2 protein chains.
Amino acid sequence: MIGNPLQATAFHVSTRGEYGMRVMVELARRYGQGTISLRSVAEGEALPEAYLEQLVASLRRAGLVSGKRGAGGGYQLVKDPAHVTAGDVVRALEGPIEPQVCTAEGESIVNCPHEPKCGTRQLWVKLQATIADALDSLTLAELARWPVGHGKAG
Amino acid sequence: MIGNPLQATAFHVSTRGEYGMRVMVELARRYGQGTISLRSVAEGEALPEAYLEQLVASLRRAGLVSGKRGAGGGYQLVKDPAHVTAGDVVRALEGPIEPQVCTAEGESIVNCPHEPKCGTRQLWVKLQATIADALDSLTLAELARWPVGHGKAG
DNA sequence: ACAATCCCTACCGGAATGATCGGAAATCCC
DNA sequence: GGGATTTCCGATCATTCCGGTAGGGATTGT
């Protein structure tokens with residue numbers, strides 16, 4: 001856990017999303033160089049290796065990375081970084097983008113008692129679409145080629 | 001807690017945001033009719049009254065509602081619903097919109113060790129701006145005048 | 001053989017979530 | 001003034017989630 005003690009904040013992305021995204025960007029930077037050991041990524045980004053294993057497992061099950069065992073093994077991206085979006089990564093790590101259960105991506109299963117006089121639903125629907133669009137419009141390739149802090153870096 | 005058991009989902013809004021937003025929309029609908037008791041809102045929306053008290057306390061401290069004690073008392077919006085945004089409500093209930101500690105609204109205090117070679121920061125910055133813009137562009141008045149479910153209601 | 005590496009499962013302490021409860025203070029009506 | 005109503009305030013509590021740690025098994029290169 002990097003950074004300050006955090007009070008309540010809205011729309012905070014957990015370390016699963018944060019660390020996992022860092023790993024993916026690092027793999028994107030080294031795309032085409034064969035497999036990269038998780039240890040080297042963990043050390044390079046100063047993150048706990050054992051914890052990363054869990055996150056990478058989710059990424060592998062989602063078909064985003066492939067692992068190779070044994071000495072000299074490691075992980076690599078399955079697809080070209082230009083064809084993997086931040087949305088793909090976030091969904092693999094944290095599940096579908098779903099501000100409320102009634103506004104899930106794809107099919108909505110829930111039958112909400114607040115319908116049909118629900119005044120808040122349109123808000124969550126809009127929010128879901130907005131977030132998904134923002135995440136899906138940014139690729140790993142774009143993130144990987146922007147390694148340096150711009151503007152007033154925090 | 002309305003709805004189904006929820007597996008892991010990204011960007012999920014807690015009941016603070018959900019219930020609190022419902023209360024605000026209800027108060028917006030009855031704007032200009034004097035104070036509304038929390039009990040009537042709780043019964044109308046089928047929400048736990050005692051829990052709502054806590055949420056409304058946050059809304060009051062944020063200057064969004066005012067309470068009047070005693071028989072016939074209740075709450076009412078301080079400002080016209082057309083001048084209160086969903087963003088105001090969410091921030092009052094769940095804190096600033098902050099995907100990561102390094103991408104807080106306003107001033108960023110954190111000095112992150114990942115800078116300046118952080119490839120993920122631009123993602124969270126974009127996300128923060130996108131979410132804030134979506135929430136700030138929708139007013140309580142708009143939400144209140146759309147009480148009926150549209151499209152395929154969940 | 002042996003070291004490196006992925007892979008899998010279980011566990012664990014602390015914090016957040018989603019409430020409930022009891023009571024104090026103000027206000028209205030009779 | 002008495003009582004009903006309602007906001008306000010703080011404590012408590014059960015459950016779940018978060019952010020890891022620990023240990024071991026399977027596979028591969030040298």
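What you see is a predicted model, and the numbers here were worked out from it, not measured in a lab. Note on naming: letters A, B, ... go to the chains in the order of the sequence lines (proteins, then strands), and numbering restarts at 1 for each one.
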Rounded to whole angstroms, how far apart are OH on A/Tyr75 and C1' on C/dA4? 13 Å

So does A/Glu53 reach the base of C/dC6 with its side chain, donor to acceptor, closer than 3.5 Å? no

Assess whether a salt bridge exists between A/Arg22 and A/Glu26, defined as any Lys/Arg side-chain N lying under 4.0 Å from an Asp/Glu carboxylate O. no

Spacing of A/His12 atom NE2 relative to C/dA16 atom P, expressed in whole Å: 11 Å

A/Met24 side chain reached by A/Val41 side chain, heavy atoms, under 4.5 Å: no

Between C/dC29 (C1') and B/Lys68 (NZ): distance, integer Å: 13 Å

Of the listed C/dC6, D/dG20, C/dT27, the closest approach to the A/Pro48 side chain comes from D/dG20

Tell me whether the side-chain N/O atoms of A/Thr15 come closer than 4.0 Å to OP1 or OP2 in D/dG19. yes

Atom-pair distance (CG on A/Leu38; P on C/dT5), nearest Å: 10 Å

With sugar-phosphate meaning primed atoms plus P, OP1 and OP2, does A/Arg60 contact a base, only sugar-phosphate, or nothing at under 4.0 Å between heavy atoms? sugar-phosphate

Side-chain N or O of B/Ser14 closer than 4.0 Å to phosphate OP1/OP2 of C/dA16: no

State which of C/dT20, D/dT7, C/dA19 makes the closest approach to the side chain of B/Ser37. D/dT7

When you match A/Ser66 and B/Gly72 each to their closest nucleotide on DNA chain C, which lands nearer the 5' end? A/Ser66

Hey, any chance B/Ile131 and B/Val125 share a hydrophobic cluster, counting ILVMFWY side chains that come within less than 4.5 Å of each other, even indirectly? no

Given atom CG of B/Leu55 and atom P of D/dC9, what is their separation to the nearest angstrom? 15 Å

Any donor-acceptor pair, under 3.5 Å, between the side chain of B/Gln54 and the base of C/dT20, if you only look at N and O atoms? yes

Using C1' atoms of five pairs at each end, report the bend of the helix from C/dA1-D/dT30 to C/dC30-D/dG1 rounded to 10 degrees. 10°

Strictly distance-based, threshold 3.5 Å: is any side-chain N or O of A/Glu105 a donor or acceptor partner for the main-chain N or O of A/Pro96? no

Between B/Leu52 (CG) and D/dC9 (P), how many Å, whole number? 17 Å

Measure from CD on B/Glu49 to P on C/dC21 and round the result to the nearest Å. 13 Å

Go nucleotide by nucleotide along DNA chain D from the 5' end; which of B/Arg39 and A/Ala71 gets its closest nucleotide reached first? B/Arg39

Between B/Gln100 (side chain only) and A/Val13 (backbone N and O only), is there a donor and an acceptor less than 3.5 Å apart? yes

Measure from OH on A/Tyr51 to P on C/dC7 and round the result to the nearest Å. 18 Å

Before giving the answer on side-chain contact (heavy atoms from CB on, under 4.5 Å), spell out for A/Glu142 and A/Arg145 the whole-Å C-alpha distance, their side-chain angles and the decisive distance to 0.1 Å. CA-CA 6 Å; A/Glu142 291 171 303; A/Arg145 89 165 73 98; 4.0 Å; yes

Under 3.5 Å, side chain of B/Glu49 to main-chain N/O of B/Ala42, donor-acceptor pair present? no

